[in-house]
Structure formats: structure tokens, C-alpha cells
Amino acid sequence: MPATLPRKTARARKLPGIEKAPSGIDGFDQITGGGLPRGRTSLVCGSAGSGKTLFAMEFLINGAVECKEPGVFLAFEETADELAENVASLGFDVESLVAKNMLSVDFVKIDRSEIEEAGDYDLEGLFVRLNHAIDSIKAKRVVLDTLEALFAGFTNEALLRSELRRLFHWLKGKGVTALITGERGDGELTRYGLEEYVSDCVISLDNRVVDQVSTRRMRIVKYRGSAHGSNEYPFLIDETGFSVLPVTSLGLDYSVSTERVPTGVAALDDMLDGGGYFRGSSILVSGTAGTGKSSLAALFADASCRRTEKTLYFALEESSGQVCRNMKSIGIDLQSWQDRKLLQIHAARPTVFGLEMHLVTMHKAVEEFQPRSLVLDPISSLTTTGNPSEVKSMLVRLFDYLKMKQITCLVTSLTSKPGFEETDLGISSLIDTWFQVRDIEISGERTRGLYLVKSRGMGHSNQVREFLITSHGVDLVPVAVGPHGVLTGSAREHQESEQRAQALHRQQEIERKQRGLLRKSKALDAQIEAMRAELAAEEEEARASADESTAREDRLTAARALLSENRSAARSKNGRRA
Amino acid sequence: MKPRSSTKAFERVTEKRAKTVLRLYIAGSSARSTTAIENAKQICEQYLDGRYELQIIDIFQQPKLAKDDQILAVPTLIRKLPAPLRRFIGDLSNRNVVLVGLDLKKK
């Protein structure tokens, strides 16, 4: 029934979903499809220090700055000045917004010690103050942080609950988009069950510590009337505030490029069909310790900078300065690229934060710097913060993201088992081009051999190359194949010199033979010359004798003619001369 | 010992002269507001004997004052003077609490 499908989608499109108030928080609006439900009350809950207040404050400030929607912040725990100071460290200027009537911060002080309850009461004062604050700046957004303080200030819980119910009802009637915060309770979302009153949208924030590494995560627990991402999303609080990054695998529908990116080593380009890597592909260099993985990575970065393409380098084991110094020893000046803002090195120990956080910071760095190439050195150290399956899942998402952005990415991986064609993380299937750098130990020395395990989509060399790291870079030389197999290093040089000696010998032999021939031919030539001279002499002789005999013949003929004349005359004249 | 006794004497004198300044916040003319006003007036007349000042403020009329005086629950009775500041919430029907709190009666 293909006809029903379009009709159904058309209907879905026609019905508008609930209206949303954008929070302006990076990523949050993507997860929720637009922000918090407009005109309704949402709850953000979490344990102490999970970022509830900041989330709420950003919601108001972004609303005021970006959507021109004034907001009221009713603070139960911090004074207005404290709050302004706290968020000023994240770059928010509360005071100027207050001065412009775009924000109103009201501190509600509840001091149990100076309050005595002497009869029936209600919380009309709270309503009046809220109403006054909303009306005086025509607020569209309201934050109550955190209502639970009321439970500490007043003993009559039944009354409080009925007042809270009335408050939420009143807020809805007021048409403001409200956000309340709540402390996480034991086994419940909030300590006093505030979620009971908020039926539209509940967000849970979390700061979990696993293996001494903390990761902040956010989850939309419910969002009535709207589709939303249901995963736990890691988020970041840094100097620019709150950012949620919906880092999920994006599927395999990115466009691909056939453009080639040089590797930085000419001989390596030759191994890869003469061109290099594909743009946007993922490259893995794996190998045991000290095999030159980082050098290959640095060469790649260097080549990228040479093409004036921005490169991001994540160093997980060395500081930025150390990377630069070490690479200078093989003739790569990363510092100058850094100075020219073509290269950014982010150095961070893997244990500084959780895996998700790494992913989030990488995302953020990529979004800010917009590189064309990326180096991650090494991915194997990420296992110190997560188990291999978590690392793999993180890398899948990272690679997908980079591919979508057409960023060529080179990662290195330290393998513990030499020569074992399997990365410790089992990520080889995610990789487009995979080099293995391997130690080769022959006759008491270690040399490096480079193999191309695979390279998708291009013809590539199946040969082992010896990988030489010199003070002016990296070179690949074909290995020597001798009677005992592949030879590298001194053995190769020995083999080569032997071959050279043999070649020289052969050359000399040939030269000697050639000289002999030359000599022989010269002798022959001389001989031929002599014979030719002899011949010439004989010819001369013959010619001379022929001339003589002709002359003689002539004379004879003449003599004969004379004689015959004489004879005939004698016959006619009888002995007399004419 | 001398200074202390003189301080005490000073306090006794000022206490007699000092005026008690009370402020009662109510919300409109609800039954609870009316009860609170009545109770407050009775307490003042009975125990303060003219040495008092009672301001009655409707938070609907003056929300700004409600903010400045940190009013949440209504009715709220605040003793502004003498220090320290004291707050009573409710319609003041529990008179004992109020009297003890205002130091008009020993516990």
C-alpha cells in the first residue's frame, strides 16, 4: 500500500507539535527538537554540582540575548550578587542584562532560624513577588532555583505541596516558560518529588565518576508531546558555558571524495597507487613501541600544513612542546606551523576526563578550528579510561563524525603483540588505510619494516618496505631479498654491498673482455691495413707491368707494321727502299 | 563589675522608652488577613501599651516591599525594632509563640 504512506506523512506534517522555546544551549536544542516546551514548566534535576543552576541561567540569558525574551530568575540558594559572580566566570554579563530590563534576579531568603510559625499561612508572598517580577519586565521565561529550599524553610509539608501545585498551575496560566531545578533524591529524581508536579519535560543531569574519572551526562527523562533523543548525552561546562553534544553514530550516508591527500613521504605515496590517502578517510598506523608511528603522524600533519590546510593534533601522551621538540629531530618543524595557526596541538592525558568527554572536547575543538586533517596519537592509550568496547564505540562515532566533515584522520595505535595483525581495540574494520610498522630483528639489530595491511579503494603495494628515520625525515627503501629471506638494516646493507661487489666484478670482467676484443680488433685492423698496403703495392706492380707490356706491344706492332711494309715494298720494288 | 551593672541599667532605661516597630504583611482582605490583623492589634494593645508602631501592608498593593522584606508566606509579622529581627508567619492565632518571640512572655 504505497499510497497510504505519503498521506500519513502529510498529516503528520500538518499537525503542529508543541511550540518550543529555544534554550540556546549547544546541542540541547538538537536533542529536544527546538528547546523547552513553551508556556509550560520543565524540571531539571541532578545531584549537587551537576550544573542545574548553570543550565537554568543559560536558558534565561540566551533567551534574553538571542530570543529577546526577558527572564526572571528566582534564586532560593544564592544571592543575586553571588549568582552574577558565578556566571560571570563563564562569560555571562548578568548585570548589563538586568540594567537593560531583560533579566531580573530575585533572591528569596529562607532562614529557618528567624521564622516562627504562629498560625495558618500560605505562600501568596511568593506568588506576588513572582508576579511583580514577571510583569515589571514582561518576562517570558522564569527559573525557580531551587524550590526545594521551601521544604527546609516551612514545616507544613501538606500546605507546601498544595501551594506548589497551585504555583505550577499559576505559571501555566501566566503563559511563561518555566524551568525549575531540583536536587536528586534517593532513588527518585528529586528529593521532594517535584517531578510529580511537572508533567511536561524532565531533564536529568548527572556527574558520574567511574574509575576516578568523572563525566557529565544529560538525559531527557520525559518530554510530553515531543520526540526527543532518549540517550544519555555527555555535556561539557567550560569557559563558554554549557554545551551538549549529541554524539551519536550518524549512519553511513556521508559523501565520499576521490581526492587524494599526500602522506608526507613520497615513497609511501608510491605504495598507495602513487597518490596518497583519500580525503576524508581514516588511517591507522599500528605497531609496537618505538616503531615510528608518531613520526608518520607528524609527517602527515606537516604535509597537510604545507598545503595550508589546517590540522588538529591530539597528543594523548606527550605535551605539545615535547611533540614539537621530538619531531624537530627528524626535520619536521611543527612549531612554525603552530605559529602560523595552521596547526593546533591539544595535549591531554587520557585520564583527565572520561571517554565521552574526550569525544566531546574533540568535537568542540573540530567545530572551532575547522581542520581538514586530524591526528590522534595514540588511540591505544584511551583504554586507560574505558574498556575496549567503550573505546571502540567512541572511535566509531569519532570516525563517522570526521567522515561526515570530510576530515582526513590519522590515528596511531600501540600494539602489544608484535606482528599480530589485529589492533588491540578491534577497530581495524573502521579503518580505510592501515599501515603496520614492525620491528625486525636481524643479526643483533632492530630495524623497522612497514607493511600496508589494507587500503580501501585503491591499488596498493603488497611489498614490505624498510622504514628509515633520519635527521631529515622518513624514507622508505625496498628491502633486500636474499637467500635467507627479507633483509633489512645492516644485513640489507651487507647484502647490498655484496651485490655491489658482485656487480663491480661482473663489470670489470666485461670491461676486461671488451678491452681484449678491442685489442684484437685493433690488431686485426693493423693486419688488414698491412694486407691492404701489400695489395695496393701488388696492384701498382701489376699496373706498371701492364703498362710496360702495352708499350712493348705497341712497339712490337709498330715494328711489325714496318716490317710488313718493308716486305711488301721489297716485293714490289725488289729490294729497294721507298 | 561596675561597667556591667551600668550597662544593665542603661538597657533597662532604653527598654522602657524603646518603641516596638512591627510590620504586618497581609494578602488582600481574606479571612486569614483579617484574623491576623485582629490578633496583631490585640497583642500590641495588651502587651505594648502604646509603645509600638504597627504598619499593615497589603502585598498586592506594594509588591516591592514584599520583595525587600523577603516575604514568602503571608501573613507575616516582622519585628523591625528592637533588634534582632523576628518573623512570625501565620495568622498569629498561636499567640503564645508570638509573645515568647517578642520577648513579652517567658517560655
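Within every chain, numbering begins at 1; the chains are lettered A, B, ... in the order of the sequence lines, protein sequences first and strands thereafter. Since this is a predicted model, take the numbers as computed values, not measurements.
Against chain B, the residues from residues 106-116 of chain A that qualify, each with a non-hydrogen atom under 4.5 angstrom away, are A:Asp106, A:Phe107, A:Val108, A:Lys109, A:Ile110, A:Glu114, A:Ile115, A:Glu116 in number order. Taking 4.5 Å as the heavy-atom cut-off, the residues of residues 147-174 of chain A that approach chain B are A:Leu150, A:Phe154, ordered by number. The contact list for residues 24-44 of chain B toward chain A, using heavy atoms and a distance under 4.5 Å, reads B:Ala27, B:Arg32 by residue number. Interface residues of residues 121-146 of chain A toward chain B, defined by a heavy-atom distance below 4.5 Å and sorted by number: A:Tyr121, A:Asp122, A:Leu123, A:Glu124, A:Gly125, A:Leu126, A:Val128, A:Arg129, A:His132.
A:Thr177 places a side-chain N or O within donor-acceptor distance of the main-chain N or O of A:Gly39, the cut-off being under 3.5 Å. When atom types are taken as modelled, the side chain of A:Glu58 and the backbone of A:Phe242 share a donor-acceptor pair closer than 3.5 angstrom.
Between A:Tyr223 and A:Cys201 the shortest heavy-atom distance is CD1-SG, 3.8 Å.
Around CD of A:Glu77, the count of heavy atoms belonging to other residues, nucleotides or ligands within 6.0 Å exceeds 12.
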Going through the checks in order, is the side-chain hydrogen bond (donor to acceptor under 3.5 Å, both in side chains) test met by A:Ser23 and A:Asp29?
-> CA-CA 6 Å; A:Ser23 67; A:Asp29 293 349; 2.6 Å; yes

Applying salt bridge (charged side-chain N to carboxylate O under 4.0 Å, His left out), run through B:Asp69 and B:Lys80 and close with a yes or a no.
-> CA-CA 10 Å; B:Asp69 262 336; B:Lys80 291 255 166 191; 2.8 Å; yes

Could you please spell out the steps behind the side-chain hydrogen bond (donor to acceptor under 3.5 Å, both in side chains) verdict for A:Thr79 and A:Asp81?
-> CA-CA 5 Å; A:Thr79 66; A:Asp81 289 342; 5.4 Å; no

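Ring pair A:Phe55/A:Phe28: centre-to-centre distance below 6.0 Å.
By the 4.5 Å heavy-atom criterion applied to side chains, A:Val221 and A:Leu189 are counted as neighbours. Side-chain contact between A:Leu43 and A:Ile203 is absent, with no heavy-atom pair separated by less than 4.5 Å.
The existence of a salt bridge linking A:Lys52 and A:Glu183 is confirmed by a sub-4.0 Å separation between a basic side-chain nitrogen and an acidic carboxylate oxygen. Note on B:Arg86 versus B:Asp103: salt bridge recorded, some NZ/NE/NH1/NH2 to OD/OE distance being below 4.0 Å. Remark: A:Asp206 does not engage A:Arg184 in a salt bridge, criterion side-chain N to carboxylate O under 4.0 Å. In this structure, B:Arg87 does not pair ionically with A:Glu117, as no charged nitrogen and carboxylate oxygen lie closer than 4.0 Å.
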